[in-house]
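Each remark here refers to the structure printed beneath this line.
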Amino acid sequence: MSNFTIRQAEPGDAAALVQLAREVGAEPEGWLISTSEWRGAGDERRYLRSLRRSRDAAVFVAETPGGIVGRLSVGRDPHPASTHVADLGLMVAKGHRRQGIGRALLERAVDWAQRMGVSKLELHVFPHNEPAIQLYEAFGFRREGYRERHYRRDGGLVDAVLMAYEVMPTLPE
Ligand SMILES: CC(C)(COP(=O)(O)OP(=O)(O)OC[C@H]1O[C@@H](n2cnc3c(N)ncnc32)[C@H](O)[C@@H]1OP(=O)(O)O)[C@@H](O)C(=O)NCCC(=O)NCCS
């Protein structure tokens with residue numbers, strides 16, 4: 001089992017996060033919606049720096065003594081009528097799956113949402129991504145819709161499942 005901690009990403013994590021995304025993105029199953037166009041380490045560092053005081057987006061990492069093995073990004077919807085909604089993206093390194101890291105990152109996203117006044121988390125997942133769909137459903141996400149030909153991939157257009165999670169407000173102490 002991995003001994004891991006979850007924390008907010010820092011600009012110095014940029015290279016490790018780009019590497020993680022490239023590795024997961026290169027898996028033949030094609031799990032990720034963004035793959036080849038993943039930003040370089042310089043852009044990633046600038047992005048992480050820009051998040052420091054942001055109430056609109058955050059990146060969390062799972063770290064083991066051997067390095068970063070998971071990433072969750074969350075970003076508030078920019079539309080003025082849906083700023084209570086945030087979109088998330090998640091990945092865990094292949095050698096560290098099924099050890100509770102994905103779930104722990106989702107828990108941190110829910111905590112962030114509660115603090116930022118976000119009441120709905122949403123995400124898109126490819127229909128063939130059974131591991132992710134199983135995790136999201138076990139966590140409490142529900143299928144909200146099916147987006148046909150919604151993403152460009154390998155020169156074609158592919159479908160995605162839209163899922164959402166209702167964030168319960170924290171009770172006052
Ligand atoms: C999806 C992903 C993030 C799951 O991360 P993880 O750290 O392995 O998930 P967890 O260990 O927290 O799993 C929690 C629960 O989710 C479910 N689950 C996770 N992976 C599963 C799998 N391969 N098959 C069945 N259920 C699975 C199980 O209910 C699991 O609980 P259990 O292990 O006690 O049975 C990981 O597989 C991954 O990074 N995949 C590639 C990238 C990706 O698909 N990202 C999501 C894009 S939308």
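Order of appearance sets the numbers: ligands from 1, and atoms from 1 within every ligand. Since we're looking at a predicted model, the values are computed, not measured.
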Salt bridge (Lys or Arg N to Asp or Glu O under 4.0 Å) between Asp159 and Arg153: does it pass, once the steps are laid out? CA-CA 10 Å; Asp159 302 347; Arg153 177 157 208 127; over 6 Å; no
Chi angles and distances behind the salt bridge (Lys or Arg N to Asp or Glu O under 4.0 Å) call for Arg143, Glu137: CA-CA 8 Å; Arg143 293 174 197 238; Glu137 287 189 331; 2.8 Å; yes
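Distance screen at 4.0 Å: atom 34 (O) of ligand 1 has no protein heavy-atom neighbour inside the cut-off.
When Trp31, Phe4, Phe139, Phe126 are checked for heavy-atom proximity to atom 43 (C) of ligand 1, Trp31 turns out nearest. In the candidate list Arg71, Glu23, Arg103, Arg103 is nearest to atom 12 (O) of ligand 1, counting heavy atoms. Looking at Met91, Arg98, Gln99 and measuring to atom 27 (C) of ligand 1, the nearest heavy atom belongs to Arg98. Which of Gly25, Ala138, Gly102, Ala93 comes nearest to atom 7 (O) of ligand 1 through a heavy atom is settled by distance: it is Gly102.
Of the heavy atoms in Asn129, only side-chain atoms (C-beta onward) come closer than 4.0 Å to ligand 1. Counting heavy atoms under 4.0 Å from ligand 1, residue Glu130 does not touch it at all. Contacts of Glu27 with ligand 1, taken as heavy-atom pairs under 4.0 Å, are absent altogether. Residue-level proximity to ligand 1 for Val24 is carried by the side chain, the only part with a heavy atom below 4.0 angstrom.
A 4.5 Å side-chain heavy-atom check between Arg76 and Val85 finds every atom pair outside the cut-off. By the 4.5 Å heavy-atom criterion applied to side chains, Glu122 and Tyr165 are not counted as neighbours. Between Leu106 and Leu135 there is a side-chain heavy-atom pair separated by less than 4.5 Å. In this structure, the side chains of Gln8 and Trp112 stay at 4.5 Å or more apart for every pair of heavy atoms.
A salt bridge does not link Lys94 with Glu23: none of the charged nitrogens is closer than 4.0 Å to a carboxylate oxygen. The pair Lys120-Glu144 meets the salt-bridge criterion, with a side-chain N (NZ, NE, NH1 or NH2) lying under 4.0 Å from an Asp/Glu carboxylate O.
By the 4.0 Å heavy-atom criterion, Tyr136 is counted among the residues contacting ligand 1.
What sits closest to atom 23 (N) of ligand 1 on the protein, heavy atoms only, is Pro131 CB, 3.3 Å. Ranking the protein heavy atoms by distance from atom 37 (O) of ligand 1 puts Arg97 CD, 3.3 Å first. Protein heavy atom at the shortest distance from atom 46 (C) of ligand 1 is Leu90 O, 3.3 Å. Closest protein heavy atom to atom 26 (N) of ligand 1: Gln134 CB, 3.4 Å. For atom 14 (C) of ligand 1, the closest heavy atom belonging to the protein is Leu135 CD1, 3.4 Å. From the protein, the heavy atom lying nearest to atom 11 (O) of ligand 1 is Gly100 N, 2.8 Å.
Relative to the six-membered ring of Tyr47, Arg39 meets both conditions, a distance below 6.0 Å and an angle of at most 45° to the axis.
Residue Val125 has at least one heavy-atom neighbour below 4.0 Å for each of these atoms of ligand 1: 48 (S). Under a 4.0 Å criterion applied to the non-hydrogen atoms of His124, ligand 1 contributes the atoms 48 (S).
Aromatic ring orientation, His128 versus Phe126: parallel (interplanar angle below 30°, classes split at 30° and 60°).
Counting non-hydrogen atoms of other residues, nucleotides and ligands closer than 6.0 Å to CZ of Arg152 gives a total of 12 or fewer.
Backbone and side-chain nitrogen or oxygen atoms of Val92 are examined, and one is located within less than 3.5 angstrom of a nitrogen or oxygen of ligand 1.
A donor and an acceptor atom, one from each side chain of Arg71 and Ser73, are located under 3.5 Å apart.
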